[in-house]
Amino acid sequence: LVKRTLAMSKQYFGGKVTAKGESGEPGEPLPGAVFRVTPVAGSTFADGGTEVQDLRTGTDGSCHRGAKLVVGGSYDITEVSAPEGYERVTGTMRVTVAEDGSINAVGSVDDSGDLIQGSGVPAGYEKVAGNAFEVQVTNEPIEVGIVKVGSDDVATGLPNARFEVTGVFAGAPGESTRSYVTDANGRTDIAAELVSGETYTLRETAAPAGYERIEGEIAFTVAEDGTVSVVGDAPAGLSVQGDRVTILAIDEPVEVLLDKRDLGDAPLAGATFTVSGTFVDRRTHDTAELEIPLVTTGGAALSLSRLSYGGATYGLVAGGTYTLTETAAPSGYETFAPFSFTVDEQGRVAADNGSAEAAAGTPGVVISEDDGTVTLTAHDRPIEVTLLKTDGAAPLADVAFELYRGPSADDGVSLGEVVTGENGTIALAGLVGGATYTLRETRAPLGYARVPDATFTVGPDVLYFIEGPKPYTIS
């Protein structure tokens, strides 16, 4: 009997996934790979045995089957277990021992144990020595990529998303948790860390600026060939792509709308606001403290997640606090007090810093949510000014006035005539907050003298007389 040595070394090329047909300098040796050598076609080992022999690579990444193979014999070689953190090389290679003692690979073997005619060796096997027949088996590291995008643009990766993965990692004792952060392209890779057959959980701990954090976690297992399978149900926003190497995490942008209405819920145009707080640039993902102006149109609600300012588009940041200030109300309406609100990690909005939602039918802001979108509805109260004309005791009816917008009748614009009713009152509607008006009596009751002009400014809650006497009771 001629006995020959079969040597196998377990290596990979610099930690890179190497495609079939590529070559490279051998990289780091991999201990802990288990190979099975099986005599076939009536062959035996040198001692006459036919039982399979398992070999495990040592610290140098190699294992040997010394002086055990027989001239004329055929043997199948299979990797049955890969090192932790690496995919198992699938496929079985058949070798034969020639009369001169050389060992040759004759091809690959199918699942039934039959030689595949005309086949080469399985992908991952490579003969790197001559007659000694040293076979180098290249493992691909188990690599799972996490890709972070937004639902508003699934083609663009989002940086600075933070994730935690919990499970048993290669070379580590027991279960532990590791953290990962997406790079500028919205990707982070877990390479040569996961163990085949183990189950892991992944959850997002912090979303990129301007996006909501995904609630819940996804559980997955890694097979020997590196494929990933979901265990149980995955939460909305987390999925495995193509069953192999990518877990796709899709965040929803923080979506908050501003709607402007009167107390009867009719849309109002022409209100101007500022929104102050921390905003994220939708293109660069940089954040900045800003005070952004906006104007309502009376049509669709304005998106506070898509605010144009200074040549850029900005959105709200989860976890941020903001103040909405009405700087000018639509004509004929009062402004409401500044309203502060916070946005949490799931995009939920709540009043903050002493602000409170307005009650029904009162001016202020009401928060509502529909299908994940939050709307701030800002209600303005019409400016209502009532003039009461009396003789000091009894109300006087049928007294005529001309109302001017301006600091005096001579320098103002006439808004028309108003006449007191039976109870001596006139409702002055449509006045503009912050504007100055002048009242001139044009027809006094019989037996009464006309009073001098009176000029006043409409404030948020009161009327400020600027000049002249106060001959009227105005509220």
Side-chain angles (χ1 to χ4, degrees), residues 254-277 279 290-309 313-316 322-343 349-371 373-387 403-406 413 415-416 418 426-437 456-464 474-475:
V254 174
E255 190 66 59
V256 179
L257 303 178
L258 174 63
D259 197 13
K260 183 65 175 176
R261 295 180 176 268
D262 65 14
L263 297 184
D265 250 4
L268 289 177
T272 62
F273 293 90
T274 61
V275 184
S276 58
F279 295 86
L290 299 171
E291 184 175 83
I292 299 178
L294 59 153
V295 180
T296 61
T297 62
L302 297 175
S303 174
L304 301 185
S305 306
R306 298 286 186 278
L307 294 173
S308 296
Y309 181 69
T313 300
Y314 291 93
L316 305 180
Y322 300 87
T323 299
L324 177 70
T325 303
E326 187 175 25
T327 55
S331 178
Y333 290 85
E334 301 176 9
T335 59
F336 61 82
F339 181 78
S340 292
F341 62 93
T342 57
V343 182
V349 174
D352 192 56
N353 291 340
S355 295
E357 288 190 64
T362 63
V365 175
V366 175
I367 301 171
S368 60
E369 189 270 336
D370 181 31
D371 196 24
T373 298
V374 176
T375 300
L376 303 178
T377 303
H379 293 97
D380 275 352
R381 177 172 59 194
I383 295 174
E384 298 174 350
V385 177
T386 301
L387 166 67
L403 179 64
Y404 297 87
R405 181 169 179 172
V413 176
L415 300 179
V418 292
I426 300 172
L428 303 179
L431 302 188
V432 177
T436 298
Y437 296 87
F456 59 91
T457 297
V458 181
D461 299 302
V462 297
L463 298 180
Y464 299 97
I474 303 179
S475 59

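Because the structure is a prediction, the values reported are computed rather than measured. Start at 1 with the first residue, then count along the sequence.
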Can Y322 and L316 be said to form a side chain to side chain contact (heavy atoms under 4.5 Å, CB included), step by step? CA-CA 9 Å; Y322 300 87; L316 305 180; 3.7 Å; yes
Mind checking the [atom1]-[atom2] spacing from [X] to [Y]? Nearest 0.5 Å is all I need.
X	Y	atom1	atom2	value
T274	L294	OG1	CG	8.0 Å
H379	D259	NE2	CG	8.0 Å
L304	L258	CG	CG	5.5 Å
F273	T323	CZ	OG1	13.5 Å
D380	K260	CG	NZ	2.5 Å
F336	R381	CZ	CZ	12.5 Å

Side chain to side chain, S303 and E255, heavy atoms closer than 4.5 Å: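 They are in side-chain contact.
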With a 4.5 Å cut-off on side-chain heavy atoms, are L257 and T373 touching?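 Yes, close enough: below the 4.5 Å cut-off.
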Worked verdict on V365 versus T377 for side chain to side chain contact (heavy atoms under 4.5 Å, CB included): CA-CA 5 Å; V365 175; T377 303; over 6 Å; no
Check against side chain to side chain contact (heavy atoms under 4.5 Å, CB included), I292 and Y314: CA-CA 9 Å; I292 299 178; Y314 291 93; 4.1 Å; yes
Near D265 CG, under 6.0 Å, is it more than 12 heavy atoms from other residues, nucleotides or ligands?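 Enclosed.
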Can you check whether [Y]'s main-chain N or O pairs, donor with acceptor, with [X]'s side chain at less than 3.5 Å?
X	Y	value
T325	T327	no
T313	L307	no
T296	L268	yes
E291	G277	no
S305	V256	yes

On a heavy-atom basis, which atom in [X] and which in [Y] lie closest, and how many Å separate them?
X	Y	answer
S355	S340	OG-N, 2.9 Å
Y333	A329	O-CB, 3.2 Å
P363	L263	N-CD2, 3.7 Å

Under 6.0 Å between ring centres, would you say that holds for F279 and Y309?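 So the answer is no for these two rings.
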Where do T272 and E326 land on the side chain to side chain donor-acceptor pair (under 3.5 Å) test, with the steps shown first? CA-CA 6 Å; T272 62; E326 187 175 25; over 6 Å; no
Would you say the side-chain atoms of T375 and E369 include a donor-acceptor pair closer than 3.5 Å?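 Checked: T375/E369 side chains show no N/O donor-acceptor pair below 3.5 Å.
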Working note: L376 + I367, criterion side chain to side chain contact (heavy atoms under 4.5 Å, CB included); need CA distance, chi angles, decisive distance, verdict. CA-CA 5 Å; L376 303 178; I367 301 171; 3.6 Å; yes
